[in-house]
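Order of the sequence lines fixes the chain letters, A, B, ..., with proteins taken first and strands second; residue numbering starts at 1 for each chain. Values below: all heavy atoms of this structure, side chains included; hydrogens, waters and symmetry mates excluded.
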Amino acid sequence: MFPVVLCTLELAVRVLPRSFYSRDTSLVARELLGKTLMRHVSQGLLSGRIVETEAYYGLEDPASHSFRGKTRRCAVMWERPGLAYVYFAYGMHFLLNVVTEEIGVAGAVLIRSLEPIEGIDIMRANRRRGKITELASGPAKLTEAFGITCDFNGHDMTGGELVVTAESGLSDCAIGCSGRIGVSRGSDRQLRFYILDNRFVSKNKPIARHTGS
DNA sequence: CTTACGATCATCT
DNA sequence: GATGATCGTAAGC
């Protein structure tokens, strides 16, 4: 009868717990595929299925912000798993990560693309674009669609207004992997994961996939 | 369809 | 002072 109440109950049951994130970063990146990113805004509910992610490690990963240790920007990567790491890039874009690994170990998963599910008209307004494939098919696009800025840096994504839920709607989907996009070092490692043949994966689809034989 | 490049600024060297 | 975990537009096939 009261959708808000139903919504809250569903969230309470299905939000991914901190233990989900307190594991190997690549594993978390793969398992986030098919899960649902959800945000409550004043106009309603925004949600989208995660279809593309990238894993970033710490000291041993030259593509990571934490490669040279803890700095002010990347400090959150070393904190509790399940926190949001949001940073500003290229003078105009915000990028959303979820912190992984145990406390004291740097790691994060970059959320790269979503398949919009709920709140599509709100996303259209935020993006000033109509085509559904252009709303959240890229890491900076989805933060704009969801209205996510640096204000969410350090936000606990295991509860509150921005969470990931276990809701998948996908049973068995084929997963591809490739080098990470837009990095100048460490692009050899296969740490980008995406749902094969999903039209919402970001357009930039480089090379590698496992071709079978 | 593809490739090329400018925008624009917080963070780090 | 240089550099991006990018995007949208423009121009070329």
Side-chain angles (χ1 to χ4, degrees), chain A residues 21 24-30 32-33 37 48 50-79 81 83-101 105-116 123-155 157 164 176-195 197 199-208:
Chain A
Y21 300 103
D24 173 74
T25 305
S26 293
L27 184 64
V28 175
R30 273 196 302 276
L32 276 174
L33 295 177
L37 182 72
I50 298 169
V51 299
E52 180 182 356
T53 59
E54 283 177 359
Y56 287 86
Y57 287 92
L59 294 170
E60 76 276 25
D61 181 0
S64 172
H65 288 164
S66 289
F67 180 51
R68 295 179 196 282
K70 195 188 291 189
T71 66
R72 189 161 82 238
R73 176 172 64 166
C74 71
V76 178
M77 285 183 73
W78 302 72
E79 295 181 22
L83 299 188
Y85 170 42
V86 182
Y87 69 93
F88 187 58
Y90 295 102
M92 60 185 83
H93 300 307
F94 298 99
L95 278 68
L96 172 67
N97 301 250
V98 192
V99 175
T100 57
E101 311 282 348
V105 178
V109 172
L110 172 68
I111 309 215
R112 282 196 59 91
S113 300
L114 302 176
E115 173 177 345
M123 298 187 205
R124 286 197 171 106
N126 289 343
R127 289 271 300 140
R128 299 171 300 281
R129 280 194 172 52
K131 280 182 65 177
I132 189 146
T133 50
E134 292 185 1
L135 294 181
S137 57
K141 295 178 188 175
L142 71 90
T143 55
E144 186 175 47
F146 273 56
I148 293 168
T149 67
C150 281
D151 292 348
F152 279 93
N153 192 43
H155 168 83
M157 294 184 65
V164 181
C177 67
S178 77
R180 292 168 291 185
I181 294 179
V183 303
S184 55
R185 295 172 298 256
S187 53
D188 49 312
R189 299 181 70 181
Q190 305 287 291
L191 294 177
R192 171 174 175 258
F193 305 97
Y194 54 96
I195 296 181
D197 304 320
R199 59 200 267 255
F200 297 93
V201 168
S202 74
K203 181 79 196 220
N204 244 338
K205 274 181 226 181
I207 48 249

field: B/dC9 phosphate, OP1 or OP2, under 4.0 Å from A/Arg73 side-chain N/O
entry: no

field: Candidate pair A/Glu54 and A/Arg112, rule salt bridge (Lys or Arg N to Asp or Glu O under 4.0 Å), full reasoning
entry: CA-CA 7 Å; A/Glu54 283 177 359; A/Arg112 282 196 59 91; 3.7 Å; yes

message: Rounded to whole Å, please give me the gap between CZ in A/Phe67 and C1' in B/dT11.
response: 17 Å

Nearest-0.5 Å distance, CG of residue A/Asn97 to CG of residue A/Leu110: 5.0 Å

field: Candidate nucleotides B/dT11, B/dT8, C/dA5, ranked by approach to the side chain of A/His65 - the nearest
entry: C/dA5

- prompt: With respect to the side chain of A/Arg129, which nucleotide from B/dT8, C/dC7, C/dG8 is positioned closest?
  reply: C/dG8

task: Please work out which of the three classes, parallel, tilted or perpendicular, describes the rings of A/Tyr87 and A/His65, given edges at 30° and 60°.
output: perpendicular

message: Quick one: does any side-chain atom of A/Ser64 pair with a main-chain N or O of A/Tyr57 as donor and acceptor, under 3.5 Å?
response: yes

- prompt: How long is the line joining CD1 of A/Ile181 and C1' of C/dG4, in whole Å?
  reply: 15 Å

statement: When rounded to whole Å, the CD to P distance for the pair A/Glu134 and C/dT9 reads 9 Å

- prompt: Mapping A/Arg127 and A/Ser184 to their closest nucleotides on DNA chain C, which lands nearer the 5' end?
  reply: A/Ser184

Length of the CZ-P vector between A/Arg192 and C/dT6, whole Å: 10 Å

message: Categorize A/Arg128 for me: base, sugar-phosphate, or nothing, with a 4.0 angstrom heavy-atom threshold over every strand shown.
response: nothing

message: Of the listed nucleotides (B/dC12, B/dA10, C/dT6), which one gets closest to any side-chain atom of A/Phe88?
response: B/dA10

task: From the options B/dA7, C/dA5, B/dC12, select the nucleotide whose nearest atom is closest to the side chain of A/Thr71.
output: B/dC12

Rounded interatomic separation in angstrom, taking CZ from A/Arg185 and C1' from B/dC12: 12 Å

message: Once you apply a heavy-atom cut-off of 4.0 Å, does A/Ala63 come out as touching a base, just sugar-phosphate, or nothing?
response: base

message: Please report the distance, rounded to the nearest Å, between OH in A/Tyr85 and C1' in B/dT11.
response: 9 Å

- prompt: Between A/Tyr194 and A/Arg192, what is the shortest heavy-atom contact and its length?
  reply: CE2-NH1, 3.5 Å

query: At under 4.0 Å between heavy atoms, what does A/Tyr56 touch on the DNA or RNA strands: base, sugar-phosphate, or nothing?
result: base

query: Could you state the NZ-P distance from A/Lys141 to C/dC7, rounded to the nearest angstrom?
result: 6 Å

field: Strand partner of C/dA5, provided both Watson-Crick or wobble distances fall under 3.5 Å
entry: none

- request: Return the nucleotide paired to B/dT8: Watson-Crick means purine N1 to pyrimidine N3 with N6-O4 or O6-N4, wobble means G-U with N1-O2 and O6-N3, both under 3.5 Å.
  value: none

- line: In whole angstroms, the gap separating C1' of C/dA5 from CZ of A/Arg68 amounts to 16 Å

